[in-house]
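To start, I am sharing the structure in question, which I have written as structure tokens.
Every number for a ligand or one of its atoms is a count from 1 in the order of the listing.
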Amino acid sequence: MINFECYKDKKVLVTGHTGFKGSWLSQWLLKLNADVYGYALEPSTSPSLHEQLGLKDKISSKIDDIRNFDALKDYIRSTEPDIIFHLAAQPLVRDSYLDPVYTWETNVNGTMNVLEAVRQLGFETNIVVITSDKCYENKEWIFGYRENDALGGYDPYSASKGAAEIVVSSWRRSFFNPKDYSRHKVKLSSARAGNVIGGGDWAKDRIIPDCIRALQDEKEIQVRNPLSTRPWQHVLESLGGYLLLGRSLLVKDGSNLENVCSAFNFGPYGASNKTVEALVNEVLTHWKGNWNYIKEDAFHEAFLLNLNIDKATQILGWSPVWNFKETIENTISWYKLVSEDPELAVEVTNKQIDRYSDTFFENLNN
Ligand SMILES: NC(=O)c1ccc[n+]([C@@H]2O[C@H](COP(=O)([O-])OP(=O)(O)OC[C@H]3O[C@@H](n4cnc5c(N)ncnc54)[C@H](O)[C@@H]3O)[C@@H](O)[C@H]2O)c1
């Protein structure tokens, strides 16, 4: 019987805990009775899910830069986590064009700092590095990328995530090789998820937060790339994948680790690969409003991007739970309920985690 009981009383360090995914992950881990620690910058949006969930008072954390190797290493030394989920990153494609060097330093050196701190400290732990579906060399084709496809990336963000994967692969082969586990005692994997959506994302230049801000202000939604296709998935889908991958590291003994100490895609089924226009139209079935196409000197962004999820399905038993309609329904209902009563943020988030995990474990155990 698969469940997440292995997280109970475990020390779990989430880098990027003040962000959108990090806040959902922290909340889920708190429900699992884990000892959650965080390392990140202050929330960069207002509102922020981190504040809406009151996480500041519920988890121990260090506010500092992932590029600050000494501070990061000290924090990892003082917490000695059983598992690290490394999410801290500059995650926006458009910002990566505006500050490519910061994006590379944060995403590539930041990842290297986490791995190198663990290497230098030399204690037993597990690490899941979160990169992105954008880490692949995008061929603009309809096929889903497999974990062994070429890494790459056109814009600085995508390329930095491809480079972070190369860092992971190099540290794994050189220092945390699964074959020598008994010597170094570190299990290291990476997770590549698609475009996640869900309540509580307030980032700029992301389509769902853009929709919500416009709808709340009764304005037209401005859509930049209506025909771009993305593998839309609810944030809980990717987090379920990260936690399942983390679980397999935590519970597995030191033998035959090659399968799990590797990269995994966590994307939706093909039917959720929809255009931005289809996404916005689905949002508008739940919240009345209009949208309009804005033409601007757009930065280059991938047009077609799908993930092949056979590996996660075969090795971990993971599969997507919510279809496209359920994903949008849960996302929009979160924003609506919390807009009506901000006090409900924790309750609505917990209910969605419970509802999602019921089906998640039912699927896993059947
Ligand atoms: N949201 C998505 O659709 C998506 C898709 C694929 C991958 N990802 C990846 O998931 C992770 C989390 O993304 P998110 O959507 O929650 O982003 P977010 O912007 O909401 O959160 C980013 C987090 O990283 C931290 N951070 C950023 N720069 C930092 C620095 N220099 N030092 C320390 N901390 C820093 C922030 O403080 C924040 O806690 C990222 O690695 C991102 O690349 C996100």
Side-chain angles (χ1 to χ4, degrees), residues 13-27 38-53 55-56 59 61-69 71-72 75 84-96 99 101-114 128-136 153 155-165 168 190-209 230-239 241-242 264-268 279 301-302 305 307 327 331:
L13 171 59
V14 178
T15 74
H17 69 290
T18 56
F20 166 55
K21 278 175 145 180
S23 298
W24 273 93
L25 181 59
S26 303
Q27 187 65 28
Y39 186 103
L41 301 176
E42 292 285 3
S44 60
T45 60
S46 181
S48 78
L49 183 60
H50 180 75
E51 277 159 10
Q52 289 179 302
L53 296 177
L55 290 169
K56 199 173 177 176
I59 66 179
S61 67
K62 168 99 178 145
I63 297 298
D64 212 320
D65 201 302
I66 201 76
R67 296 171 300 163
N68 182 347
F69 179 74
L72 178 68
Y75 194 62
I84 302 173
F85 290 98
H86 173 50
L87 282 83
Q90 190 303 94
L92 301 172
V93 171
R94 290 166 69 80
D95 281 8
S96 80
D99 203 342
V101 174
Y102 173 74
T103 301
W104 269 69
E105 284 176 356
T106 302
N107 299 0
V108 186
N109 293 6
T111 300
M112 194 162 58
N113 285 348
V114 171
V128 179
V129 173
I130 307 319
T131 63
S132 168
D133 57 346
K134 296 194 171 72
C135 67
Y136 294 107
D155 59 87
Y157 168 72
S158 305
S160 74
K161 287 289 175 170
E165 283 286 353
V168 171
S190 65
R192 305 164 179 175
N195 264 63
V196 298
I197 59 177
D201 190 0
W202 298 104
K204 63 183 158 73
D205 294 334
R206 276 191 189 150
I207 186 65
I208 290 288
R230 293 281 180 274
W232 306 107
Q233 64 179 174
H234 194 270
V235 61
L236 290 172
E237 304 278 6
S238 57
L239 300 185
Y242 303 164
F264 285 86
N265 286 342
F266 296 106
L279 177 89
E301 282 201 51
L305 181 50
L307 289 177
T327 298
T331 301

Using a strict cut-off of 4.0 Å, indicate which atoms of ligand 1 neighbour a heavy atom of R206.
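Ligand 1 atoms under the 4.0 Å threshold to R206: 1 (N), 14 (P), 15 (O), 17 (O).
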Per-atom contacts of ligand 1 with A193, taking only distances under 4.0 Å to non-hydrogen atoms
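Near A193, the atoms of ligand 1 are 6 (C).
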Apply ring-ring contact (aromatic ring centres under 6.0 Å, His included) to H17 and list each qualifying residue two or more places apart in sequence or on a separate chain.
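H17 satisfies ring-ring contact (aromatic ring centres under 6.0 Å, His included) with H50 only.
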Under 4.0 Å to a heavy atom of D65 - the qualifying atoms of ligand 1, by number
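Selected atoms, number and element: 30 (C), 31 (N), 32 (N), 33 (C).
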Would you indicate which of V14, L41, T45, L49 comes nearest to atom 34 (N) of ligand 1 when only heavy atoms are counted?
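It is L41 whose heavy atom sits nearest to atom 34 (N) of ligand 1.
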Regarding atom 5 (C) of ligand 1: of the candidates G194, G267, A88, which has the closest heavy atom?
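Considering heavy atoms of G194, G267, A88, the nearest to atom 5 (C) of ligand 1 sits in G194.
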Examine the proximity of ligand 1 to F85 and report which part, side chain or backbone, both or neither, has a heavy atom under 4.0 Å away.
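F85 to ligand 1: no contact under 4.0 Å from either part.
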Would a distance-only check, ignoring hydrogens and angles, find a side-chain to backbone donor-acceptor pair under 3.5 Å from E165 to S190?
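Here the side-chain-to-backbone pair does not exist.
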So, does T18 use its side chain to make a donor-acceptor pair with the main chain of L41 at under 3.5 Å?
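Confirmed, T18 side chain pairs with L41 backbone.
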For ligand 1, which atoms have a heavy atom of N195 less than 4.0 angstrom away?
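Those of ligand 1 that fall under 4.0 Å from N195 are 3 (O).
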Just to be sure I read this right, does ligand 1 sit under 4.0 Å from the backbone of K161, its side chain, both, or neither, counting only heavy atoms?
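Within the 4.0 Å criterion, K161 contacts ligand 1 through side-chain atoms alone.
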Polar proximity ligand 1 side, Y242 side, N/O cut 3.5 Å exclusive
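There is no such contact.
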Would you compute the distance between atom CD of Q233 and atom OG1 of T327 and round it to the nearest 0.5 angstrom?
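Q233 atom CD to T327 atom OG1 measures 8.0 Å (nearest 0.5 Å).
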For W202, which residues count as a ring-ring contact (aromatic ring centres under 6.0 Å, His included) partner, sequence neighbours excluded?
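ring-ring contact (aromatic ring centres under 6.0 Å, His included) check on W202 returns Y335.
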Is V196 in polar range of ligand 1, meaning some N or O pair under 3.5 Å apart?
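Right, the criterion is met.
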Protein contact of atom 43 (O) of ligand 1 - nearest heavy atom, named by residue and atom, plus distance:
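Atom 43 (O) of ligand 1 sits closest to the protein heavy atom Y157 OH, 2.6 Å.
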Of the protein's non-hydrogen atoms, which lies at the shortest distance from atom 7 (C) of ligand 1, and what is that distance?
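Looking at atom 7 (C) of ligand 1, the protein heavy atom closest to it is T131 O, 3.1 Å.
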Taking L87's backbone N and O only, do any of them form a donor-acceptor pair with T15's side chain (distance below 3.5 Å, no angle check)?
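Yes, because the side chain of T15 sits within donor-acceptor range (under 3.5 Å) of the backbone of L87.
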Return the residue, atom name and 0.1 Å-rounded distance of the protein heavy atom closest to atom 33 (C) of ligand 1.
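Scanning the protein heavy atoms, the shortest distance from atom 33 (C) of ligand 1 goes to I66 N, 3.2 Å.
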Atoms of ligand 1 less than 4.0 Å from D64 heavy atoms?
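Matching atoms, with element in brackets: 32 (N), 33 (C).
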Closer than 3.5 angstrom, by distance alone: can the side chain of W104 be matched with the main-chain N or O of P156 as a donor-acceptor pair?
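Yes: the side chain of W104 pairs with the backbone of P156.
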Nearest-contact summary for atom 23 (C) of ligand 1 - protein heavy atom, Å:
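The protein heavy atom lying closest is G16 CA, 3.6 Å.
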Say whether K134 and ligand 1 are in contact under the criterion: heavy-atom distance to a ligand atom below 4.0 Å.
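K134: no contact with ligand 1 (<4.0 Å).
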Test item: W232 side-chain N/O and P268 main-chain N/O as donor-acceptor pair under 3.5 Å:
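Not a single qualifying donor-acceptor pair exists.
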For atom 21 (O) of ligand 1, what's the nearest protein heavy atom and its distance?
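For atom 21 (O) of ligand 1, the nearest protein heavy atom comes out as G19 CA, 3.3 Å.
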Counting N and O atoms only, with roles assigned by atom type, does the side chain of K161 sit under 3.5 Å from a partner on the main chain of I130, one being a donor and the other an acceptor?
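Yes, because the side chain of K161 sits within donor-acceptor range (under 3.5 Å) of the backbone of I130.
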Suppose we measure from atom 28 (N) of ligand 1 to each protein heavy atom; which comes out shortest, and what is that distance?
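Looking at atom 28 (N) of ligand 1, the protein heavy atom closest to it is Y102 OH, 3.4 Å.
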Atom 20 (O) of ligand 1: which protein heavy atom is closest, and how many Å away?
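Its nearest protein heavy-atom neighbour is F20 N, 2.8 Å.
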For L87, the ligand 1 atoms whose distance to one of its heavy atoms is below 4.0 Å
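Counting atoms of ligand 1 from 1, those under 4.0 Å from L87 are 11 (C), 12 (C), 40 (C), 41 (O).
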Looking only at distance, does R67 have an N or O less than 3.5 Å from an N or O of ligand 1?
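Such a contact does not occur with ligand 1.
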Measure the shortest side-chain to side-chain distance between L279 and I197 over non-hydrogen atoms and say whether it is less than 4.5 angstrom.
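Yes. Closest side-chain heavy atoms under 4.5 Å.
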Can you tell if the side chain of Y39 reaches within under 4.5 Å of the side chain of I66, non-hydrogen atoms only?
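In contact.
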Determine, using heavy atoms of Y39 and all atoms of ligand 1, whether some pair is separated by less than 4.0 Å.
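Per 4.0 Å heavy-atom rule, Y39 does not contact ligand 1.
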Short side-chain to backbone donor-acceptor contact, N107 and Q90, under 3.5 Å
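Here the side-chain-to-backbone pair exists.
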Provide the number and element of each atom of ligand 1 under 4.0 Å from a heavy atom of T18.
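Per the distance check, 36 (C), 37 (O), 38 (C), 39 (O).
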What's the separation between atom CG in D155 and atom CG in D95, rounded to the nearest 0.5 Å?
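CG of D95 is found 11.5 Å from CG of D155.
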At what distance is the nearest protein heavy atom to atom 8 (N) of ligand 1, and which residue and atom is it?
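Protein heavy atom with the smallest distance to atom 8 (N) of ligand 1: K21 NZ, 3.4 Å.
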Sub-4.0 Å atoms of ligand 1 with respect to non-hydrogen atoms of P91
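So the atoms of ligand 1 that pass are 17 (O), 18 (P), 19 (O), 42 (C), 43 (O).
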So which of L13, V168, V114 actually passes side chain to side chain contact (heavy atoms under 4.5 Å, CB included) with H86?
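Filter result, single survivor: V114.
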Heavy-atom check, side chain of Y242 versus side chain of V14, under 4.5 Å
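The answer is no, as the side chains (C-beta and beyond) never meet within the 4.5 Å cut-off.
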Would you mind finding which of S44, S132, G22, A89 brings a heavy atom closest to atom 26 (N) of ligand 1?
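Closest candidate by heavy-atom distance is A89.
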